[in-house]
Every structure is written in structure tokens, then in C-alpha cells.
Amino acid sequence: MSAPAAPAGATGAGIVPGVSAGPSASAARPALTPVFLRIKLSLLRNGLKGSSKRKAAYFSTLAFALVVGSFMTLGLGLLHGNAHAGTVVVLLAGILALGWAFMPLFFPAGDETMDPSRLVMLPLRPRPLVRALLATSLVGIGPLFTLCLAVGSVIAVARGAAGAVAAVVAVPLLLLGCVTLARAVATANVRLLTSRKGRDLALLSGLVIAVGAQLANFASQSLFQAGGVTALEPVEAVVRWLPPATAVGMVDSVGEGAYGRAAAQLVLSVAAVAALLWSWERSLTKLMVTPDGSTIAASGPVKNRGGAGGGFWSLMPGGRTGASMQRTLRYAVRDPKTKSAFVTALAIGVIVPVFNALQGTGSVYLGSFGAGMLGVQMYNQFGQDTSAFWMVAQTISSTRDAYVELRARAAALALVILPYTVLVTAVTAALVDDWQAFPAGVGVALALVGSMLCTGALASARFPYSIPTDGAFKNVAPGQGGLAWGGIAAGMLTSALVSAPVIALAIWLNMAEHRDVSWIVLPVGVAWGWLAAWAGLRLAAPTVARKLPEILSAVSKG
């Protein structure tokens with residue numbers, strides 16, 4: 001007997017296993033892909049409602065991506081006819097695919113449709129679900145930017161009518177290859193990344209990827225120093241046979257008249273997309289039908305770990321300040337997302353100055369890079385509390401309460417940043433053998449730290465956003481991505497302007513051959529950083545006290 005027709009309001013429900021559906025049910029049931037597209041657009045639209053700042057941040061991010069993408073397309077197009085155009089665009093396609101494979105796991109994601117584990121209770125078939133999720137993945141700023149790069153890449157290497165036809169085929173192949181790769185990797189890791197132990201493992205993976213990116217950066221610098229783009233040709237000869245870069249390589253091969261090689265690259269590109277879709281569907285099927293036991297707690301008595309105020313914590317000041325400092329530092333130790341951000345910042349902050357010093361291009365002033373990486377952790381201080389911020393909000397009834405709360409959070413970060421900055425600068429000074437510039441390097445770094453604490457407090461008060469607790473690869477709630485990146489970018493630019501007088505003093509002393517008195521930058525930098533941090537906290541506190549309900553609403557959306 002046929003199953004009854006699905007309700008008119010059903011959102012894309014598939015066929016329940018074991019129940020056959022008749023013609024009437026198929027006619028009444030809406031197609032899944034349009035439903036998911038409407039869901040994505042609704043999530044985006046609803047995320048922008050009620051906040052002009054979010055709208056401004058989102059549309060400014062969109063405009064920025066369009067402008068940069070357009071200039072990239074134009075720049076790549078100008079390479080048309082250049083002897084090294086094929087090398088550049090093929091390697092760019094490879095880097096683009098690598099970014100799509102890993103960025104969604106460790107950086108802000110787009111919306112709730114990125115997490116297929118939310119759909120496990122719905123009677124959906126994997127194949128229609130893959131089509132629907134693929135369609136939603138093609139809607140967004142990331143795919144638009146990728147499309148711009150893909151168009152510019154094929155313009156750079158397309159020659160003749162045959163090259164134009166190959167270019168028309170290559171653009172969707174490259175875009176589909178990147179997006180499908182991202183979704184297949186994310187779905188295969190969603191069980192791991194949403195478990196408690198998995199999030200801790202993701203911390204290590206993110207660190208490995210961050211370190212690997214820096215290693216690749218320095219390796220590429222060495223290659224260019226060795227022989228420019230020509231030195232990359234052996235690498236490009238390998239990458240052009242690795243999908244989805246094979247799509248761009250196919251266009252280049254057609255332009256050179258190597259039709260046999262182009263046909264092989266086309267087959268590889270299509271086969272890679274098909275294999276990724278099959279792998280994605282297989283992972284999705286396993287996710288939808290396999291119970292998750294990764295978060296089941298082991299049985300056994302809970303050990304008494306002692307009081308919260310013992311050991312290191314006994315060194316904290318009393319009252320609200322000490323409690324807030326403890327909470328901030330415990331987040332850095334226990335919360336997987338906060339821990340990941342801290343560990344990555346600590347690692348990259350050491351790698352960049354040390355590797356530059358080892359390459360002979362280092363400077364004591366690169367110690368400021370690590371200070372800047374950690375200073376970013378001051379941004380969105382209330383968002384890291386997630387929905388638990390309402391408990392903190394209950395204790396803020398005046399500007400004084402808001403000031404003490406912000407001051408304690410800044411002090412907790414300073415407890416980590418200050419010794420770390422001095423240590424990294426000292427290591428860099430030892431490697432470049434420039435101890436005379438060490439005081440000035442520390443002074444500039446501490447001025448930058450104070451400036452970032454200043455702008456971070458203001459950004460936390462004016463541009464708060466939610467950090468979802470579910471999904472290790474989602475760090476911003478739907479519709480708030482532009483707000484997050486816009487606030488951080490504006491804050492970092494403002495920090496550079498705030499600390500500019502100290503930076504200018506260090507530059508002037510160095511250029512005027514007054515290095516023997518450059519130590520004066522240290523006390524000036526300490527005083528300037530302290531003053532900037534104090535001013536920022538004072539300016540942000542009234543805003544926090546006045547807009548507390550709005551902040552609570554913004555950080556609780558995840």
C-alpha cells in the first residue's frame with residue numbers, strides 16, 4: 001500500500017526506509033534542493049535582522065571580497081601570454097583547493113547547513129541530501145571569491161577557440177572540486193570534531209596545519225630567492241596532475257596543443273569530483289545511521305581535584321577581579337575552541353620571528369608579531385562565554401562593574417602576553433645577534449599589546465558575536481561572520497594607529513643613528529601601552545553597562 005502524501009509544509013523529507021511511496025506522495029513532497037536553498041537564505045536573512053552593524057559588516061565583507069576578487073581576476077587576466085602564466089595559475093589552484101580542504105574545519109563557517117549531524121533525525125536519503133547540501137555550499141562569499149579566481153586563472157592560460165571551450169568546462173570543475181572537497185572532509189570529520197576528545201585532537205590538527213602553512217610560506221620564499229617563478233616549475237609539474245588543479249592544467253594543455261594530456265587531465269578532474277561526491281555520500285550515510293558513542297563518559301568515581309583557589313589560583317587577587325581572571329584563564333585551558341586559538345597564536349607567534357631570523361631576514365621588532373597574535377584574543381571577550389554570559393551579566397549593574405570585569409579579563413590576557421612577548425623578543429634578539437635593539441623591540445611590542453587591549457575592549461562592547469558551542473569547525477554564528485571579521489580588522493588597524501607614536505620613535509632613533517639611546521623606547525612603550533589599555537577599558541565600560549541586553553542577545557545566538 002502506498003504511504004500517505006507528505007504534508008504541504010514538509011521541509012524536504014525523504015522516503016522512510018522500508019516504506020514505498022506512491023505517485024501522490026512523490027507529487028506532494030517538495031524537492032529537497034530548493035528547500036535547502038530557502039533555508040540557507042532564510043538563515044542569512046534572519047541573521048542580519050535587527051542589527052544595522054551586522055548588515056554593514058556583512059555587506060562590507062561582501063564588497064571587499066568582490067573588490068579583491070575583481071582585482072585578482074584582472075591581475076590574472078593580465079598574465080595572458082606570459083611564459084610563466086601556467087605555473088602561477090596551476091599553483092594558485094592547488095593552494096585554493098588546499099585552503100578549501102582545511103579552512104572550514106578550523107575557521108568560521110557559514111551557517112547551520114554546514115553541520116549534517118543536525119539532520120540525522122530526518123528521513124532523508126543521502127543522494128538527494130548531497131545534492132541539496134552541494135547547492136547550499138555554492139551560495140556564499142567564499143564560493144564567489146573562488147569563482148573570481150577560477151575565471152581569472154583560465155583567462156590567463158586560455159588560447160584559441162579550443163582553449164575557450166576548455167575554460168568554460170574548467171571553471172565549474174574547479175569550483176565544484178573545491179566545494180565538494182571541503183564538504184567531504186568536513187562530513188568525514190564531523191563525529192570526531194563534535195566529540196570532546198575530538199575537539200582536543202582538532203587543536204593538534206589545527207596547530208599542525210598552521211605550522212605547515214608557515215613552513216610552506218618560508219619554503220616558497222626560499223624557492224623564489226633561488227630562481228623566481230622558474231624555481232617553482234618542478235612543483236607545478238606535479239600539482240597540475242593533482243585534482244582539482246588539473247582543471248586549470250587542462251586549459252593550459254589545450255592552449256599548448258597537447259590534446260592528449262588535456263583529455264587525461266579532464267578525466268582526472270571529473271573522476272576526482274565523482275570520487276569526492278561518492279566519499280561524501282558514504283560519510284553522510286554512515287553519519288545518518290551510525291550511533292555516536294564517542295562522548296559517553298567512562299564509568300567510575302570522580303576524583304576530587306581540590307579547591308578552585310589552591311595552587312596557582314591562590315596567587316590571583318581577591319573579589320570580582322580574581323574570579324574573572326580565573327574564568328578567563330580556565331577557558332584558555334579547558335575550552336577546546338579557546339585553547340585552540342591560544343595555542344595556535346602562541347605557536348605562530350614564535351615561528352614567524354624565529355624562521356625569519358634563521359633565514360637571515362629577521363629583526364628584533366618581529367617579536368611584536370606574537371604579541372599581536374595573542375592580542376587578538378581580547379576581541380569578543382563576552383562571546384567566548386557563549387550563553388553562560390547571562391550569569392556574568394546578572395552581576396553587572398553599573399559602569400564600575402563593567403570596568404572591573406573588562407579590566408580583569410585584560411589582566412588575565414596580559415599575564416600570558418607580557419612574559420611571552422619578552423621571551424620571544426629575547427630569542428629573536430639572540431638569533432639575529434642584536435641585543436642593543438632588544439629594549440626597543442620589547443617597548444614597541446608592549447605598546448602594541450596595550451593598544452590591542454584598548455581596541456579589543458571596545459570591539460567586545462560594540463561588536464559582540466556568538467561562538468556556537470556545537471561543531472568544532474563553527475566559530476561564528478550564522479549571519480555574524482562579517483561582523484566578526486569586520487570588528488577584528490577594524491580593531492587591528494586602529495591598534496596600529498594607536499601605537500604609531502611609539503613605532504615612529506623607534507624608527508626615528510634607528511634611522512638617525514641614535515641606537516645607543518634606543519632603550520628609551522622601552523619605558524615609553526610600557527607607559528604608552530598602559531595608558532592605551534586604561535583608556536580603552538574606561539571608554540568601553542559605559543557601552544557595556546548601557547548595551548548589556550544587546551550584548552547578551554548577540555552572544556547567545558549560537
Side-chain angles (χ1 to χ4, degrees), residues 51 53-54 56-57 60-61 64 108 324 328 332 338 341-342 345 348-349 365 367-385 399 402-418 420-421 443-465 467 475-476 480-506 524-548 550-551 554-555:
S51 175
K53 289 187 295 186
R54 287 183 199 166
S60 62
T61 304
F64 178 77
S324 297
T328 300
T338 307
F342 264 91
I348 301 301
Y365 297 101
S368 300
F369 185 86
M373 290 289 293
L374 283 172
V376 173
Q377 309 308 315
M378 183 64 188
Y379 295 79
N380 196 36
Q381 274 294 302
F382 304 128
Q384 72 176 5
D385 294 358
T399 300
Y403 172 73
V404 173
E405 179 67 27
L406 284 171
R407 183 185 63 185
R409 293 173 183 249
L413 285 176
L415 200 62
V416 177
I417 298 176
L418 297 183
Y420 173 82
T421 300
V444 169
L446 296 183
L448 179 62
V449 169
S451 301
M452 296 196 77
L453 293 179
C454 164
T455 58
L458 292 170
S460 296
R462 297 182 178 276
F463 304 104
Y465 58 90
I467 302 176
N475 294 326
V476 179
Q480 295 185 339
L483 181 69
W485 289 113
I488 293 174
M492 293 179 70
L493 178 61
T494 307
S495 298
L497 294 176
V498 171
S499 57
V502 179
I503 298 174
L505 174 63
V524 171
V526 171
W528 189 270
W530 180 87
L531 181 63
W534 175 82
L537 296 173
R538 284 293 184 186
L539 290 172
T543 304
V544 172
R546 184 177 66 254
K547 303 179 67 173
L548 195 59
E550 297 178 29
I551 296 174
V555 303

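When reading the values below, keep in mind they use all heavy atoms of this one structure, side chains included, and skip hydrogens, waters and symmetry mates.
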**Report entry** Heavy-atom closest pair, residues Ala545 and Ala402
**Finding:** N-CB, 4.2 Å
Query raised in the report: Does the side chain of Gln384 reach to within under 4.5 Å of the side chain of Arg409, using non-hydrogen atoms?
Result: yes
Query - Met373 atom CE, neighbour heavy-atom count above 12 within 6.0 Å - result: yes
Query raised in the report: Just by modelled atom types, is the Arg546 backbone N or O under 3.5 Å from a matching donor or acceptor in the Glu550 side chain?
Result: no
Query raised in the report: Got Leu413 and Leu374 here, is their nearest side-chain heavy-atom distance under 4.5 Å?
Result: no
Requested in this report: Would you indicate whether the side-chain heavy atoms of Tyr403 and Val544 approach each other to under 4.5 Å?
Outcome: no
Report task. Please name the pair of heavy atoms, one in Ala457 and one in Gly536, separated by the smallest distance, quoted to 0.1 Å. Result -> CB-O, 4.1 Å
Report summary line: Heavy atoms of Met452 and Gly375 approach each other most closely as CE-C, 3.9 Å
**Report entry** Beyond-backbone contact of Leu505 with Trp528, side-chain heavy atoms, under 4.5 angstrom
**Finding:** no
Report summary line: When every non-hydrogen atom of Thr421 is compared with those of Gly367, the smallest separation belongs to CG2-O, 4.5 Å
Query raised in the report: Taking atom NZ of Lys547 and atom CZ of Arg462, what is their separation to the nearest 0.5 Å?
Result: 6.5 Å
Report summary line: Separation between CE (Met378) and OG1 (Thr328), nearest 0.5 Å, reads 8.5 Å
Query - Euclidean distance, Leu453 CG relative to Ser495 OG, rounded to 0.5 Å - result: 9.0 Å
Requested in this report: Would you name the heavy atoms of Ala461 and Ala540 that are closest together and state the gap between them?
Outcome: CB-O, 4.0 Å
Report task. Answer whether the closest heavy-atom distance between the side chains of Phe382 and Leu406 falls below 4.5 Å. Result -> yes
Report summary line: Taken to the nearest 0.5 Å, the spacing of Leu539 CG from Cys454 SG works out to 7.0 Å
Query raised in the report: Between the side chain of Asn380 and the main-chain N/O of Ser460, is any donor-acceptor distance below 3.5 Å?
Result: no
Report summary line: Taken to the nearest 0.5 Å, the spacing of Leu458 CG from Arg538 CZ works out to 13.5 Å
Requested in this report: Write down the atom of Ala408, the atom of Ser324, and the distance for their closest heavy-atom approach.
Outcome: CB-CB, 3.4 Å
Query - Val444 vs Leu448 side-chain heavy atoms within contact, under 4.5 Å - result: no
Query - Euclidean distance, Tyr465 OH relative to Ile551 CD1, rounded to 0.5 Å - result: 14.0 Å
Query raised in the report: Are the side chains of Phe369 and Ile348 in touch, meaning some heavy atoms are under 4.5 Å apart?
Result: yes
Query raised in the report: Is the closest side-chain donor-acceptor distance between Thr455 and Thr494 under 3.5 Å?
Result: no
